[in-house]
Amino acid sequence: MPPTWTKLIAAADIAAAVAAAGAQIARDYGGEELVLIGMLQGGLFFLADLARALPCPLRVDTMLAQSYGGGLTSSGVITLRQEIHVDIADRHVLVVDDIYDSGRTLRFALDHLGRQKPRSLAVACLLVKDAPRAATVAVRYGLFAIPNVFVVGCGLDLAGQGRQLRDVWALAPGISEQAAGDELRAQLRGGFEPN
Ligand code: IMP
Ligand code: MG
């Protein structure tokens, strides 16, 4: 039987890409202060890594805009569950998220933050999925292009599980959500090195 989860991106490759992105972003903004807005919960891990790779002054805040039903599919309706607390008016804002999938969450975030009149507003995503878009947004910093598969790790979850994994793991097609979740939990108990 083929494995349920296979390693798609190794932690070492993620670390190298984050270091390069940090250096590029600091150059692009000329060392000026940035406000990083991490999208909860999936963007948290990339946010922490990227912030530590940025040789420039920065503030960190988070917002929670949710669409996901919790499993493999999205409900499509986005609601703001937690507002930012930093005043972003006239500041350079970089929205930091785990993945650009349908685009709905990022579109919502950009519209919401844009109304607070930042000096500039751009997006950084760890992963850019080759998926049908419900909304198109410009991802200025997209670190890895991936196929249209379901992934966990580096902040991405299946029903809340798997975010802490250092590598990104792809779910084999045709596996039920129940079986994928059971295998994920079993592997998490054992250290997650299935292949
Ligand atoms: P959107 O469809 O672009 O709005 O993405 C919404 C959110 O769904 C993302 O921020 C992720 O948290 C989550 N998501 C999208 N694709 C995946 C995936 O492959 N695995 C886990 N979560 C995902
Ligand atoms: Mg998310």
Side-chain angles (χ1 to χ4, degrees), residues 1-25 36 38-53 66-76 94-106 109 123-195:
M1 207 179 75
T4 302
W5 295 99
T6 48
K7 196 180 285 187
L8 187 64
I9 310 170
D13 294 332
I14 294 168
V18 171
Q24 180 67 50
I25 292 167
L36 303 183
M39 300 300 294
L40 295 171
Q41 314 292 332
L44 269 181
F45 294 76
F46 179 42
L47 171 72
D49 288 346
L50 185 62
R52 288 175 292 186
Q66 261 183 341
S67 76
Y68 241 50
L72 297 176
T73 51
S74 164
S75 70
L94 188 59
V95 177
V96 180
D97 206 358
D98 49 4
I99 192 165
Y100 176 31
D101 183 16
S102 79
R104 284 193 195 94
T105 310
L106 287 169
V123 175
C125 279
L126 180 66
L127 307 177
V128 175
K129 199 190 269 196
D130 184 12
R133 310 274 186 235
T136 306
V137 304
V139 177
R140 188 180 299 167
Y141 306 100
L143 275 58
F144 294 92
I146 65 164
N148 192 6
V149 292
F150 191 86
V151 290
V152 297
C154 284
L156 292 131
D157 69 299
L158 171 58
Q161 297 298 315
R163 295 191 194 277
Q164 77 272 35
L165 296 166
R166 291 180 184 276
D167 311 287
V168 170
W169 297 84
L171 178 61
I175 310 275
S176 74
E177 192 173 322
Q178 180 71 46
D182 289 349
E183 175 69 11
L184 178 57
R185 283 166 188 276
Q187 291 292 345
L188 285 166
R189 283 186 204 101
F192 216 93
E193 279 304 329
N195 59 352

At their closest point, which heavy atom of G162 faces which heavy atom of L188, and how far apart are they? N-CD1, 3.9 Å
Set out, in order, the CA-CA distance, both residues' side-chain angles and the distance that settles side-chain contact (heavy atoms from CB on, under 4.5 Å) for W5 and L158, then state yes or no. CA-CA 12 Å; W5 295 99; L158 171 58; 4.0 Å; yes
Looking only at heavy atoms, the pair that brings G43 and D97 closest together is N-OD1, 3.8 Å
How long is the straight-line distance from CG of L171 back to CD of E177, given to the nearest 0.5 Å? 9.5 Å
NZ (K7) and CG (L165) are apart, to the nearest 0.5 Å, by 10.0 Å
About how many Å separate CG of L156 and CG of D98, when rounded to the nearest 0.5 Å? 4.0 Å
Does the side chain of V18 come within less than 4.5 Å of F46's, by heavy atoms? yes
Just wondering, do L106 and C125 contact through their side chains at under 4.5 Å, heavy atoms? yes
Geometric cation-pi criterion R133 and Y100, 6.0 Å radius, 45° cone: yes
Could you check if a side-chain atom of V95 sits within less than 4.5 angstrom of a side-chain atom of M39, using non-hydrogen atoms only? yes
Indicate the atoms forming the closest heavy-atom contact of V168 with G153, along with that distance. CG2-O, 4.4 Å
Please tell me if the side chains of F45 and L50 come closer than 4.5 Å, counting only heavy atoms from C-beta onward. no
Euclidean distance, Q161 CD relative to R185 CZ, rounded to 0.5 Å: 4.0 Å
Output the distance between atom CD1 (I175) and atom CG (L184), rounded to the nearest 0.5 Å. 12.5 Å
Determine the minimum heavy-atom distance between G76 and R104, stating which atoms define it. O-CD, 3.2 Å
Does any part of the side chain of I146, heavy atoms only, come nearer than 4.5 Å to the side chain of K129, both counted from C-beta? yes
Taking only residues at least two apart or on different chains, which pairs with a member in residues 38-52 satisfy salt bridge (charged side-chain N to carboxylate O under 4.0 Å, His left out)? D49-R52
Mind checking whether C154 and I9 have side chains closer than 4.5 Å, heavy atoms only? no
So do F150 and W169 actually touch side chain to side chain, heavy atoms under 4.5 Å? no
Which value, rounded to the nearest 0.5 Å, describes the distance between T105 atom OG1 and Q66 atom CD? 9.5 Å
Please step through side-chain contact (heavy atoms from CB on, under 4.5 Å) for the pair V123 and R140, ending with a clear verdict. CA-CA 6 Å; V123 175; R140 188 180 299 167; 5.9 Å; no
Side chains of L126 and I14: does their closest heavy-atom pair fall under 4.5 Å? yes
Would you name the heavy atoms of A19 and A53 that are closest together and state the gap between them? CA-CB, 4.2 Å
Work out which heavy atom in A131 is nearest to a heavy atom in N148; give both atom names and the distance. CB-OD1, 3.7 Å
Looking at residues at least two apart in the chain, or sitting in another chain, which of them share a side-chain contact (heavy atoms from CB on, under 4.5 Å) with A170? T6, L8, V149, V151
